Visitor: 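The structure follows.
Values reported hereafter were calculated over all heavy atoms of this structure, with side chains retained and with hydrogens, waters and symmetry mates removed. To find a chain, count down the sequence lines: A is the first, B the second, and so on, and within it residues start at 1. Since the structure is predicted, the reported quantities are computational estimates derived from the model, not experimental observations.
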Protein chains: 2
Amino acid sequence: MRRIKMADVARLAGVSAMTVSRALKRDSSVSPATRRRILGIIKETGYVPDQIAGSLSSKRSGFIALLVPSLNNPHFAETTHALADTLQAAGLQTLIGYTNYETRREEPLLAALLQRRPEAVVLVSDGHSAKSRELLLKAGIPVVQIWDWPSRPIGHVVGFSNEDVAVNMVRYLAERGYRRLAYLGEINDQGTRGARRRQGFVRAVKELKLGPVRLHDQCPPPISMLQGRAALPQMLKRWPDIDAIMCVSDPGAFGVLTEAQAMGIDVPSQLAVIGFGDFEVSRCCLPALTTTAVDGGRIGRETGMLLLNLLGYAEQDESSDISDGKTSQRIKIEVHLTPRGTTRGD
Amino acid sequence: MRRIKMADVARLAGVSAMTVSRALKRDSSVSPATRRRILGIIKETGYVPDQIAGSLSSKRSGFIALLVPSLNNPHFAETTHALADTLQAAGLQTLIGYTNYETRREEPLLAALLQRRPEAVVLVSDGHSAKSRELLLKAGIPVVQIWDWPSRPIGHVVGFSNEDVAVNMVRYLAERGYRRLAYLGEINDQGTRGARRRQGFVRAVKELKLGPVRLHDQCPPPISMLQGRAALPQMLKRWPDIDAIMCVSDPGAFGVLTEAQAMGIDVPSQLAVIGFGDFEVSRCCLPALTTTAVDGGRIGRETGMLLLNLLGYAEQDESSDISDGKTSQRIKIEVHLTPRGTTRGD
DNA sequence: TTGTAAGCGTTATCAT
DNA sequence: ATGATAACGCTTACAA
């Protein structure tokens, strides 16, 4: 019992395959009666169009490729979700690849995804090899880098400067009177956004002349809550007099906060703790965590809308100043330093 | 400037397209010299095979479809990650669809995914409409349900009984002397695994004659930490004398714990709190949260290996008692009740 | 080991 | 409004 195909439906409806194809595409040039008949037969027979054949013929795969370090990070999960939802409205599907924060995985992954002929590629961050850049350029499709603000972008950008975020947080701590800051970060983080935040920390501490640059790298990305807990005693041993710890991301910061409580260190009077990302736990814990909030869903939606424009799936309203196609877009996403209980007020 | 295709490579190498195809597939029947020449040309020209054309011809899409409620849940993110990794080794890609915990989204999503001709479908949980079941059955491909233990499975199963898990947790509380239990769950959770856990709670409370069944449904799934915090005062108002709260999942339980601390209620002496899932925060917080641990990565890997067997991508070692093809597999995943600080010891 | 021919199931294009 | 025909770029099946 063969799988039913478009030609079968056409035969049963007494029309040509082309008419079935049109009826399925809501092509206006099919009479209502004919369409009704065709849709009836499709329902009866349970016909499922073969999108593979359709893609080959139309040269539109209906795919967008997305490369993320990991889905096991609420930020990227949110962005992925929002992007996929936005694109789904136009019938586009999102093909996801994970690098596991390992740059060397990027190239083969990209090569595999490109064989699917995606109509665009979306990449988190900026750690791309020359080979990867070449693959992307040669593919001749829109490329969007998200979640950072690369100095030499490949194509379009939807994000913000992780370095500036870190600079801003150091300033904030300095303004609140903290003087002996330490940074809790990750090892082997080349090309990650965390590495950019570390750079920002270093730059700001130097600019503000806050004394020695104290960097403690605990583990490969992503740092976990428990690794944050483990880090605090080690950091206090290295630098007994620090009065603030800035962490590459919230989970680590929450770990530091928890361990401080376990050790009887008062936060924020004895030690300030500041994170990044505004994870859910940061809003819920006691005291709530000072952090920088980023709207991951917004990044996904903006990226999705940009792509719909670029690929010509969007409604053509007058606001489509975006869709000039060639010039690469730079969409800045606002982030918000959010003071809470783990740093003292003014 | 056209995109280069296999015929172009063939011409440049002085062979037929078929030989290029074989060289790419590591088909043994290509002389080493020829293969070298071909691969050289491919590298020079930057040729990227078109998998769409390949799939149409070979009738193997190289896709697996995965339906999850949300990726914004570390469990599903882990499972997805592990599944995708396992399949990637065989060159299979994972197409992900999100239902957002809304059952009505499942059908159109499934229909869309099936047009891509996936070689198998993996579904979380068990809330499937008759129409969905029919679509799946008609597709004639392996179906795997994961993360639960459906009474009437569609195909294969890799999971555990969420109902039994809840029963077990109630028993645990009862053994520790807790008598007035309340359940914190979700509204509109038809077909979710949370609903199964609520059932388990109800059943166990009745069986153990623990008095009235106290159910508090706070919000649509998934319950958040902050919603857990908001729920505690409401629950205490409804039932001032409860001595234990069992929560549909860890984030809500962490919220309850945090709010209890904010209200000056001692956990576990005045109130026990127990969750589900062993999320990271549950291991890190103070006191650490009693919960049931599930290895989401394991579910993904087991599912992946099962599929590789079923689809004939696996190495044929003698251990392939699985691969008889027709009979549907039931792979039980062990879960572990993990006593920690939010319940008192024996 | 390599090549030839015939599809795979749809859609673009041009005709009617 | 509908149809005929020729791609789309690869792989299967067979032949040499």
Visitor: With a 3.5 Å distance limit and no angle check, can you tell me whether A:S21 reaches the backbone of A:A17 through a side-chain donor-acceptor pair?
Guide: no
Visitor: Please report the shortest heavy-atom distance between B:I154 and B:Q145, naming the atom on each side.
Guide: N-OE1, 2.9 Å
Visitor: What is the nucleic acid contact for A:T34, judged by heavy atoms within less than 4.0 Å: base, sugar-phosphate only, or nothing?
Guide: sugar-phosphate
Visitor: B:I4 CD1 to D:dG9 P: how many Å, rounded?
Guide: 12 Å
Visitor: If you find the nucleotide of DNA chain C closest to A:A17 and the one closest to B:M18, which residue's nucleotide is nearer the 5' end?
Guide: B:M18
Visitor: After noting the C-alpha distance and the side-chain angles of B:L12 and B:Y47, does the key distance pass the side-chain contact (heavy atoms from CB on, under 4.5 Å) rule?
Guide: CA-CA 12 Å; B:L12 292 171; B:Y47 167 65; over 6 Å; no
Visitor: May I have the distance from A:L56 (atom CG) to D:dA6 (atom P), rounded to whole angstrom?
Guide: 17 Å
Visitor: If you check the A:K5 side chain, which of D:dC10, D:dT11, C:dT10 turns out closest?
Guide: C:dT10
Visitor: Between atom CZ in A:R11 and atom P in D:dT2, what is the gap in whole Å?
Guide: 19 Å
Visitor: Answer yes or no: is there an ion pair linking B:K5 with B:D8, defined by an N-O contact shorter than 4.0 Å?
Guide: no
Visitor: When you measure from the side chain of A:K59, which nucleotide among D:dC8, C:dC8, C:dT4 comes out closest?
Guide: D:dC8
Visitor: For the side chain of B:T19, counting heavy atoms from C-beta on, which of C:dT2, C:dT13, D:dT2 is nearest?
Guide: C:dT2
Visitor: Of B:S29 and B:S58, whose closest DNA chain C nucleotide lies nearer the 5' terminus?
Guide: B:S29
Visitor: Among the candidates C:dT10, C:dT2, D:dC10, find the nucleotide nearest to the side-chain atoms of B:Y47.
Guide: D:dC10
Visitor: Checking contacts here: which listed nucleotide (D:dA13, C:dC8, D:dG3) is nearest the side-chain heavy atoms of A:R22?
Guide: D:dG3
Visitor: Rounding to a whole Å, what distance do you find between A:R116:CZ and D:dG9:C1'?
Guide: 15 Å
